[in-house]
Number of protein chains: 2
Amino acid sequence: MVHGTSAGAGTGGATPAPAGPRAPLTRERVLARAVAIADEQGLAALTMRSLAQALDVKPMSLYHHVAGKDAILDGIVDVVFGEMELPEPGGDWRAELARRARSARSVLRRHPWAVPLLESRAVPGPANLRHHEAVLATLRDAGFSVPMTAHAYALLDAFVYGFAVQEAALPFDAGSAPQVAEAIAAQFSSGDFPRMTELAVEHVMQPGYDFGDEFEYGLGVILDALAASLPGD
Amino acid sequence: MVHGTSAGAGTGGATPAPAGPRAPLTRERVLARAVAIADEQGLAALTMRSLAQALDVKPMSLYHHVAGKDAILDGIVDVVFGEMELPEPGGDWRAELARRARSARSVLRRHPWAVPLLESRAVPGPANLRHHEAVLATLRDAGFSVPMTAHAYALLDAFVYGFAVQEAALPFDAGSAPQVAEAIAAQFSSGDFPRMTELAVEHVMQPGYDFGDEFEYGLGVILDALAASLPGD
DNA sequence: ACCTGAACACCGTTCAAGT
DNA sequence: ACCTGAACACCGTTCAAGT
């Protein structure tokens, strides 16, 4: 895990503090445990009470390190942003943006509960700001104008976020449970939705299919379009 | 409002029922009121108790028309899908898909609370299925192969959903509150984030700027790429 | 300083009763 | 059949107290 050490508002002590049982509570430990609960049991299972119990502490103790539940949600979204690889401004812009997009996708797939939170959190955290600053710097250093950078930034992010939404909604994870596939097939066999049936039977349910390939296609389309708009081609 | 009359599982009575005060409860009335509460006060304000009160009824009465809170969330997401214009298969595919994408964007902007729900709802409703069937049919009738239709479908939807996520997270709605803009400017004036500052000052905060233009740019890029991949160009 | 017990105003939902 | 009162097992959070 890579969630930006010494990045946010200073919590004071720089001592590593042994990670044994009943280590002293810190903002970092609270957020890390919150992420773990959301990963393992879903966002609905993350309550002040369940979080406190997982930390072997009473609910009220949490309030000495975070302002409340909303601050925890803001915090874990920023932890997720901190796990994404940043593009290197000044390098091969296309390779850097592709690496960043693939990293963001895999991080959001690891933390699908974060996708709906990307929207609802009004105040962007420091890792979020650093992330987007790096994307903008990469685009500007590549020679894109300010208006074109705005276009590229919006399109790239819409694609990455939107793909994450789709993946989080995927009914089966790469052909795992056959009974789920059967239930879906049964819904299609009614005869309505012939095109969805066609797509599912002839393509998506075929052995070699991987939804991740759609990500590479879309990313290629976008980067090609951006490359074509660069003046010094 | 256009949320697919006579579409879902039959609720029986086809009589219009006068919309006067204390009309009999139906699944449609429950869902319509739920959408109105989410629109006006946000998703958090939608509780079984607040919904019952808005319908001039006790909370327990709702359970005779919907299975529970989750069923209401599934239901209102499908109401939102039902408000989106469908593309007409067999027509000008590019114009039809553009019209559908713009309609989906404006519907999701009208109901920003629906964006995070698009993911978390596992079971797609009838309006959702009809919507995606129409998109697939439009692509197939335009001459796209099945694998290419899968690419196009994933890319278009990722863009529409992702753009909705971005718009729902926009801090100010088209230059409304100047004090919000100042607070953001203050955060940038620290000197970190020079590229975000540049983009904000030189572009986004300029008089003529409209974030909606980014939608048209991205949509154009995607539709151009799809058109270029059609065999019978 | 950090932690906590008890309490408050909420949730969604079940159950048994009303008409 | 449709509606409801009372109750249950939860929430997030405040307040006053402990050490």
Side-chain angles (χ1 to χ4, degrees), chain A residues 9-15 17-18 20-31 33-34 37-38 41-77 113 116-117 120-123, chain B residues 9-15 17-31 33-35 37-38 41-77 113 116-117 120-123:
Chain A
T11 49
T15 46
R22 200 57 200 260
L25 229 47
T26 63
R27 184 184 139 88
E28 271 77 30
R29 278 192 70 226
V30 169
L31 294 183
R33 250 286 181 272
I37 291 174
Q41 308 173 58
L43 195 60
L46 174 61
T47 69
M48 297 301 278
R49 289 164 145 97
S50 71
L51 178 54
Q53 193 178 337
L55 288 163
D56 196 18
V57 118
K58 301 295 170 188
M60 309 316 130
S61 308
L62 301 173
Y63 287 85
H64 291 274
H65 300 94
V66 292
K69 180 81 182 277
D70 274 348
I72 291 178
L73 295 180
D74 285 336
I76 59 178
V77 165
W113 48 265
L117 293 181
S120 49
R121 303 291 94 197
V123 202
Chain B
T11 48
T15 46
R22 203 54 204 263
L25 230 45
T26 62
R27 185 184 138 87
E28 271 77 30
R29 279 192 70 225
V30 170
L31 294 182
R33 252 286 182 273
V35 168
I37 291 174
Q41 308 173 59
L43 196 60
L46 174 61
T47 68
M48 297 301 277
R49 289 162 145 98
S50 71
L51 179 55
Q53 193 177 336
L55 288 163
D56 196 19
V57 120
K58 301 295 170 189
M60 310 316 132
S61 308
L62 300 173
Y63 288 84
H64 291 273
H65 300 94
V66 291
K69 180 83 181 276
D70 274 348
I72 290 178
L73 295 180
D74 285 336
I76 59 179
V77 165
W113 49 264
L117 292 181
S120 48
R121 304 290 96 197
V123 201

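A quick note: this is a predicted structure, and the numbers were derived from the prediction, not measured. The analysis underlying the following values was restricted to heavy atoms, covering all of them including side chains, and did not include hydrogens, waters or symmetry mates. In what follows, every chain begins at residue 1, and chains take the letters A, B, ... in the order their sequences are listed.
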Length of the CE-C1' vector between B:Met60 and C:dA16, whole Å: 13 Å

Distance, rounded to the nearest Å, where A:Leu62 contributes CG and C:dC2 contributes C1': 13 Å

Whole-Å gap separating P (D:dC2) and CZ (B:Arg27): 15 Å

Distance (rounded to the nearest 0.5 Å) between B:Leu73 CG and B:Leu43 CG: 6.0 Å

Nucleotide C:dT4, atom C1' - distance to CG of A:Leu51 in whole Å: 16 Å

A:Leu25 CG - C:dT4 C1' separation (whole Å): 13 Å

N/O to N/O distances under 3.5 Å, protein versus nucleotides 8-12 of chain D:
residue	atom	partner	partner atom	Å
D:dG12	OP1	A:Met48	N	3.2
D:dG12	OP1	A:Lys69	NZ	3.0
D:dG12	OP2	A:Met48	N	2.9
D:dG12	N7	A:Arg49	NH1	2.3
D:dG12	O6	A:Arg49	NH2	3.3

What pairs of donor and acceptor atoms, side-chain ones from residues 59-72 of chain A against any protein atom, are under 3.5 angstrom apart with sequence neighbours left out?
residue	atom	partner	partner atom	Å
A:Ser61	OG	A:Lys58	O	3.3
A:His65	NE2	A:Leu25	O	3.1
A:Lys69	NZ	A:Leu46	O	3.1

With sequence neighbours excluded, residues passing side-chain contact (heavy atoms from CB on, under 4.5 Å) with B:Gln53: none

B:Leu55 CG to D:dC3 C1', straight-line distance once rounded to whole Å: 14 Å

Sidechain-backbone polar pair: A:Arg33 side chain, A:Leu51 backbone, donor-acceptor under 3.5 Å: no

OP1 or OP2 of C:dC3 under 4.0 Å from side-chain N/O of A:His65: yes

B:His64 NE2 to C:dC15 P, straight-line distance once rounded to whole Å: 13 Å

Side-chain touch A:Trp113/A:Ile37, heavy atoms, less than 4.5 angstrom: no

Strand DNA chain D in bracket notation, Watson-Crick/G-U under 3.5 Å with | for pairs to another chain: ||.|||||...|||||.||

Shortest non-hydrogen separation from A:Ala45 to A:Ser50 and the atoms involved: O-OG, 2.8 Å

